[in-house]
Protein chains: 2
Amino acid sequence: MRILGVDPGSRCAGYGVVDIEGNRMTHITHGVIATGKGEFSERLAVLFSSLSHVISEFQPECAAIEDVFMARNAASALKLGQARGALIVACTHAGLPVSAYSPTSVKQAVVGFGRAEKGQVQHMIQLLLKPPAPLKEDAADALAVALCHANHQSSAKRIAVSA
Amino acid sequence: MRILGVDPGSRCAGYGVVDIEGNRMTHITHGVIATGKGEFSERLAVLFSSLSHVISEFQPECAAIEDVFMARNAASALKLGQARGALIVACTHAGLPVSAYSPTSVKQAVVGFGRAEKGQVQHMIQLLLKPPAPLKEDAADALAVALCHANHQSSAKRIAVSA
């Protein structure tokens with residue numbers, strides 16, 4: 001199964017694609033979409049078109065995105081929300097089912113501890129996936145949410161088999 | 001000039017299309033996109049695909065959308081933001097430039113008073129555009145933001161001519 005992970009943000013958003021076959025995880029690509037300094041609607045357009053481009057190039061079968069809770073106030077929540085909306089519809093427009101995971105579940109899945117520091121996530125992703133290119137924090141978070149989705153899928157399968 | 005107006009919302013979003021030629025305003029269509037009770041990402045997908053459908057059917061040249069300030073808290077701002085993001089990228093994906101107007105400017109443009117009640121906007125839109133079908137509040141707001149954009153365009157032109 002090929003999974004696209006997305007870490008939403010209005011100034012830059014991380015993405016990562018991984019292949020999962022049984023216990024084997026393979027890094028396919030990762031990167032950060034920087035939205036530039038244009039008008040806000042143009043920045044949303046960049047998020048949508050760049051993620052659409054990643055999807056059409058790497059053909060993931062499903063997408064996973066981090067839930068956002070930590071907005072400082074209503075104004076920054078509005079900005080972050082709009083970015084997340086643009087990214088989600090880039091996935092749905094390409095026909096991908098989208099799952100959402102809380103930051104705590106993502107950290108739990110990758111580091112085994114829901115309150116892990118950002119740096120630990122980056123470190124574990126480096127160990128688990130050995131990406132060939134340097135890994136920025138946003139891209140590490142995106143790969144982490146993809147792995148979190150893989151975990152949830154495989155436990156759902158295990159439950160289905162044992163039931 | 002054919003303008004698409006959008007009133008964002010995560011449960012339902014209004015849209016309206018008007019033609020503006022000099023002082024003449026013609027109602028083309030209006031409606032409300034109800035996003036149903038599905039998962040949140042599915043509701044965003046409905047917003048994106050329904051608005052994309054309206055754009056491809058009525059071929060507006062530009063879009064105008066209401067700014068959102070009145071979110072009660074960060075959680076509702078996040079929801080509203082995601083809806084607005086999905087609607088904006090439906091416009092940019094179709095190649096439409098998107099302008100944003102505050103609720104105050106929209107009311108000012110249509111009713112002549114920035115703190116007008118919602119009902120007054122609905123009443124004035126009914127008078128100005130004589131829509132053939134019944135007009136819900138969200139659709140009236142969408143038509144109002146389209147007229148607000150028309151006003152701003154024509155004053156921009158007047159300034160350019162007199163400069």
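Note that the structure is a prediction, hence the values are computed from the model and not measured. By convention in this document, chain letters (A, B, ...) are assigned in the order of the sequence lines, proteins followed by strands, and residues within each chain are numbered from 1.
Of all the listed residues (V89(B), V98(B), L87(B)), the one sharing the greatest number of non-hydrogen pairs under 4.5 Å with chain A is V89(B). Heavy-atom pairs under 4.5 Å with chain B were tallied for S41(A), G81(A), A86(A); the largest tally goes to G81(A).
Cluster membership check: M1(B) shares its hydrophobic cluster with L147(B), using side-chain heavy-atom separations under 4.5 Å among Ile, Leu, Val, Met, Phe, Trp and Tyr. Follow the hydrophobic side-chain contacts under 4.5 Å out from V106(A) and you never reach L78(B); the two are in separate clusters. Both L96(A) and I33(A) belong to a single network of hydrophobic side chains, linked directly or stepwise wherever heavy atoms of I, L, V, M, F, W or Y lie under 4.5 Å apart. Under the 4.5 Å side-chain heavy-atom criterion for grouping Ile, Leu, Val, Met, Phe, Trp and Tyr, L4(B) is not connected to V18(B) through any hydrophobic cluster. V110(A) is connected to L143(A) through a chain of hydrophobic side-chain contacts under 4.5 Å among Ile, Leu, Val, Met, Phe, Trp and Tyr, so both are in one cluster.
Closest of all the heavy-atom pairs between A77(B) and A74(A) is CB-O, 3.4 Å.
In this structure, I88(A) and Q82(B) have side chains that are in contact, with non-hydrogen atoms separated by less than 4.5 Å.
At a heavy-atom cut-off of under 4.5 Å, chain A is reached by L44(B), A45(B), F48(B) from residues 44-58 of chain B, listed in order of number. Within residues 121-131 of chain A, no residue has any heavy atom closer than 4.5 Å to a heavy atom of chain B.
Dense packing is recorded around CD of E61(B), with more than 12 heavy atoms of other residues, nucleotides or ligands lying under 6.0 Å away. In this structure, Q59(A) places its CD atom where more than 12 heavy-atom neighbours from other residues, nucleotides or ligands lie under 6.0 Å away.
Rounded to the nearest 0.5 Å, atoms CD (E39(B)) and OG (S99(A)) are 7.5 Å apart.
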